[in-house]
K.L.:
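Just passing along the structure, written as structure tokens.
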Amino acid sequence: QVQLVESGGGLVQAGGSLRLSCAASGRTLSRSGMGWFRQAPGKEREFVAAISRRTGSTYYADSVKGRFTISRDNAKNTVYLQMNSLKPEDTAVYYCAAGSYSGSVANYDYWGQGTQVTVSS
């Protein structure tokens, strides 16, 4: 069993930055691909970024490419999402997920509770 706890969300002005953290317990993250997803009110949960288990390869949704960076610190069992040049359309609840290197919600086994990110214009 894996428990994931996100932190680092908040309110920021457009153009600002936030760094989200996802701390895992119950299983070492080095054995798992990890992903970040987000869900805005009235919308489906959508893929943001993923990082692979072995090589640390990454890939991103087109909407965040060049602005967001996913990284992992296996020694701390933590995955990060650095978000720069934030836009109002980035406003959503952000979720950390474990168990895959994929852009599909269905491929992940474990989810955190989410952290709210609000970007004001």
K.L.:
Quick check: does any side chain N or O of N77 sit under 3.5 Å from a backbone N or O of A24, one acting as donor and the other as acceptor?
P.N.:
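Yes; at least one donor-acceptor contact below 3.5 Å.
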
K.L.:
Residues in salt bridge (Lys or Arg N to Asp or Glu O under 4.0 Å) with K43, at least two apart?
P.N.:
none

K.L.:
Report yes if some heavy atom in the side chain of V48 is under 4.5 Å from a heavy atom in the side chain of Y94; otherwise report no.
P.N.:
yes

K.L.:
Counting C-beta onward and ignoring hydrogens, is there a side-chain heavy-atom pair between W36 and V79 closer than 4.5 Å?
P.N.:
yes

K.L.:
Is any side-chain heavy atom of E46 closer than 4.5 Å to a side-chain heavy atom of R38?
P.N.:
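Yes - at least one pair of side-chain heavy atoms lies under 4.5 Å apart.
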
K.L.:
Would you confirm whether E6, through its side chain, and C96, through its main-chain N or O, come within 3.5 Å as a donor-acceptor pair?
P.N.:
yes

K.L.:
If Ile, Leu, Val, Met, Phe, Trp and Tyr residues are connected whenever their side-chain heavy atoms lie under 4.5 Å apart, and connections chain through other members, are V93 and L81 in the same group?
P.N.:
no

K.L.:
To the nearest 0.5 angstrom, please state how far the CG atom of N84 sits from the CZ atom of F68.
P.N.:
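So the CG of N84 and the CZ of F68 are separated by 8.5 Å.
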
K.L.:
Are the side chain of Y60 and the backbone of I70 linked by a donor-acceptor contact shorter than 3.5 Å?
P.N.:
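Yes, because the side chain of Y60 sits within donor-acceptor range (under 3.5 Å) of the backbone of I70.
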
K.L.:
For S100 and S102, work out which heavy atoms get closest and say how close.
P.N.:
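S100 and S102 have their closest heavy atoms at OG-CB, 3.1 Å.
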
K.L.:
Is R45 positioned over the aromatic face of Y95, cation under 6.0 angstrom from the ring centre and no more than 45 degrees off axis?
P.N.:
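Yes - R45 lies over the ring of Y95, closer than 6.0 Å to its centre and within 45° of its axis.
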
K.L.:
Distance check, rounded to the nearest 0.5 Å: Q82 atom CD versus R67 atom CZ?
P.N.:
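Reported value, rounded in 0.5 Å steps: 12.0 Å.
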
K.L.:
Does the side chain of V2 reach to within under 4.5 Å of the side chain of D109, using non-hydrogen atoms?
P.N.:
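Counting from C-beta outward, V2 and D109 never come under 4.5 Å.
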
K.L.:
Judged by atom type as modelled, is there a donor-acceptor pair below 3.5 Å linking the side chain of S32 to the main-chain atoms of M34?
P.N.:
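It does not hold such a pair.
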
K.L.:
Is the backbone N or O of L11 less than 3.5 Å from a side-chain atom of T118, with the two atoms forming a donor-acceptor pair by type?
P.N.:
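Pair absent, no side-chain N/O of T118 close to backbone of L11.
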
K.L.:
With ring centroids as reference points, do Y59 and F47 lie under 6.0 angstrom apart?
P.N.:
yes

K.L.:
Ignoring hydrogens and geometry, is there a side-chain-to-backbone donor-acceptor pair from T91 to V119 under 3.5 Å?
P.N.:
yes

K.L.:
Step through it carefully: locate the ring centre of F37, locate the ring centre of Y108, and say whether they are under 6.0 Å apart.
P.N.:
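Judged by ring-centre distance (under 6.0 Å), F37 and Y108 do meet the cut-off.
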
K.L.:
Is it true that K87 and D90 make a salt bridge, defined as a side-chain N closer than 4.0 Å to a carboxylate O?
P.N.:
no

K.L.:
When rounded to the nearest 0.5 angstrom, what distance separates CG in L4 from CH2 in W111?
P.N.:
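Atom-to-atom, L4:CG and W111:CH2 are 10.0 Å apart.
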
K.L.:
Give, for atom CD1 of I51 and atom OG of S57, the distance between the pair rounded to the nearest 0.5 Å.
P.N.:
8.5 Å

K.L.:
About how many Å separate OG of S17 and CZ of R19, when rounded to the nearest 0.5 Å?
P.N.:
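Spacing of CZ (R19) from OG (S17) equals 12.0 Å.
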
K.L.:
First locate atom CZ of R72, then atom OG1 of T78, and finally report the distance between them rounded to the nearest 0.5 Å.
P.N.:
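Reported value, rounded in 0.5 Å steps: 10.5 Å.
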
K.L.:
Of all the heavy-atom pairs spanning A14 and S121, show the shortest one and how long it is.
P.N.:
CB-CA, 4.4 Å

K.L.:
Check whether the side chains of Q3 and S25 place a donor and an acceptor atom closer than 3.5 Å, and report yes or no.
P.N.:
yes

K.L.:
For the residue pair D73 and Y80, what are the closest heavy atoms and their distance?
P.N.:
CB-CE1, 4.0 Å

